[in-house]
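Structure, as structure tokens:
Chain naming here is simple, since letters A, B, ... match the order of the sequence lines and numbering starts at 1 in each.
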Protein chains: 2
Amino acid sequence: MLDQTDRHILDELSRNSRLTMKELGEKVHLTGPAVSARVAKLEEQGVIEGYSIKVNHAKIGCLIHVFITVITQSTYHQPYLSFIKTQEQHIINHYKISGDGCYLLECTFPSNKELNDFLIALNEHANYKLSIVIDK
Amino acid sequence: MLDQTDRHILDELSRNSRLTMKELGEKVHLTGPAVSARVAKLEEQGVIEGYSIKVNHAKIGCLIHVFITVITQSTYHQPYLSFIKTQEQHIINHYKISGDGCYLLECTFPSNKELNDFLIALNEHANYKLSIVIDK
DNA sequence: CTGTTTCACTTTATTTATGAAAGGAGTTAA
DNA sequence: TTAACTCCTTTCATAAATAAAGTGAAACAG
């Protein structure tokens, strides 16, 4: 399905997705149109789901980065899920997991106050374990 | 430091970082060169750390997506950190955390076999708790 | 009030990249 | 051998990026 060149393309685009097709072509030893066709194919196949930027959260005022393991008390998760939908400004990722909890949340907050407010609100729907990111 | 237009730019580029400067300009009501200058500034300031792609790991043969909370037994973390460096093909993110463990690993594996091999090797340096991602 | 500086933006013109079309090389199968 | 297919390169018209020059508004000193 994917050959070595495709993997090389994914690797290069992961590092820098704003390369021009010409530059990308040089890196993987193809011409612009050839690499452009391969990238289009990878998009169609759903291998490339999208193009994004890495934002430094600290520099936009979100200094606190945490992972929250959520353990819902009730088997009925809907109130929790509805609550999460209202908190999109804080949530980077939300996973359903099997293991130590039901969900894993990755969030950022400008300060401990917002984190605390969030945890108080979350606690109405679920228990949690908090892990604060010190370094990446 | 960041005004409303900058936030709008970050928002649009998060959705699609391959927009042309002209298209991005239209979205935020600026001309191409103007928005290009702002993006360059955001890069210099370190707000934009890089441009990347979202890859569908399942489609490239990495079907298992896990989070591993690592609890090192010894206070000397170097052997663990050296081990992690040898496992880059599996590791998406690696965080130092405060809370329920010392580190949080986000990894993908083609199958349970590779995951098991990884856990056996990891267990020589640290204890762990495993959370398997069911859905995002 | 006037002149100067600064800043962010627009406009213009040149360079550069994109994307469509045509064609060639290698592979496979009839 | 020939046909069909895939994947690539080359070529060229179109579109975008970028550099440079110019505009206008705000801040500020004389």
Side-chain angles (χ1 to χ4, degrees), chain A residues 1-63 88-89 92 108 110-111, chain B residues 1-63 88-90 92 108-111:
Chain A
M1 185 170 172
L2 292 188
D3 64 13
Q4 202 50 51
T5 304
D6 287 325
R7 288 181 207 287
H8 196 174
I9 289 170
L10 292 178
D11 188 51
E12 291 296 342
L13 287 179
S14 293
R15 279 187 233 287
N16 180 10
S17 67
R18 288 220 62 143
L19 286 170
T20 65
M21 289 300 127
K22 197 186 169 193
E23 289 167 329
L24 180 58
E26 281 163 14
K27 285 182 186 286
V28 304
H29 311 299
L30 286 176
T31 56
V35 82
S36 180
R38 277 184 181 254
V39 169
K41 203 170 176 183
L42 290 168
E43 288 172 9
E44 279 163 29
Q45 291 172 334
V47 176
I48 295 176
E49 292 184 326
Y51 298 87
S52 192
I53 52 173
K54 288 177 227 157
V55 173
N56 187 322
H57 292 285
K59 298 223 171 169
I60 60 171
C62 285
L63 302 165
E88 281 188 351
Q89 72 275 22
I92 302 176
T108 58
S111 75
Chain B
M1 184 171 174
L2 293 189
D3 64 14
Q4 201 51 50
T5 303
D6 287 325
R7 288 181 207 285
H8 197 175
I9 289 170
L10 293 178
D11 188 50
E12 292 295 341
L13 287 180
S14 293
R15 277 187 236 286
N16 180 9
S17 67
R18 288 220 61 140
L19 286 170
T20 65
M21 288 300 129
K22 198 186 168 194
E23 288 168 329
L24 180 58
E26 281 163 14
K27 285 183 186 285
V28 305
H29 311 299
L30 285 175
T31 57
V35 82
S36 180
R38 276 185 181 253
V39 169
K41 203 169 175 182
L42 289 169
E43 288 172 11
E44 280 163 29
Q45 291 172 334
V47 176
I48 295 176
E49 292 183 326
Y51 298 87
S52 192
I53 52 174
K54 289 176 226 159
V55 174
N56 185 323
H57 291 287
K59 298 224 172 171
I60 59 171
C62 285
L63 301 165
E88 282 187 350
Q89 72 275 23
H90 297 305
I92 304 177
T108 59
F109 299 93
S111 76

In whole Å, I'd like the distance from the NZ atom of Lys22(A) to the C1' atom of dT11(D).
14 Å
With a 4.0 Å cutoff (strictly under), does any side-chain N or O of Thr31(A) reach OP1 or OP2 of dC8(D)?
no
Which whole-number value in Å describes the distance from Asp3(A) CG to dC7(D) C1'?
11 Å
By nearest nucleotide on DNA chain D, pick out whichever of His29(A) and Pro33(B) is the more 5' one.
His29(A)
Within the supplied structure, the quantity of interest is the number of heavy atoms (other residues, nucleotides, ligands) at a distance under 6.0 Å from Gln89(B) CD; does it exceed 12?
yes
Without decimals, in angstroms, what is the distance between Leu2(B) CG and dA8(C) P?
13 Å
CZ of Arg18(B) versus C1' of dA17(C): gap in Å, rounded?
11 Å
Euclidean distance, atom CE of residue Met21(A) to atom C1' of dC8(D) [Å, nearest integer]:
16 Å
What's Thr20(A) touching, base or sugar-phosphate or nothing? Going by heavy atoms closer than 4.0 Å.
sugar-phosphate
Return the value, rounded to whole Å, for the distance between atom CG of Leu19(B) and atom P of dA15(D).
18 Å
Report the nucleotide, chosen from dA8(C), dT18(C), dT10(C), that has the shortest atom-to-atom distance to any side-chain atom of Lys41(B).
dA8(C)
Starting at atom CZ of Arg38(B), determine the distance to atom P of dT18(D), rounded to an integer number of angstrom.
17 Å
Is Arg15(B) salt-bridged to Asp11(B), cutoff N-O under 4.0 Å?
yes
With His8(B) via ring-ring contact (aromatic ring centres under 6.0 Å, His included) - residues at least two apart:
none
dC9(C), dT9(D), dC7(D): which one has an atom nearest the side-chain heavy atoms of Leu30(B)?
dC9(C)
Taking the side chain as everything from C-beta on, heavy atoms only, tell me whether Leu24(B) gets closer than 4.5 Å to Val39(B).
yes
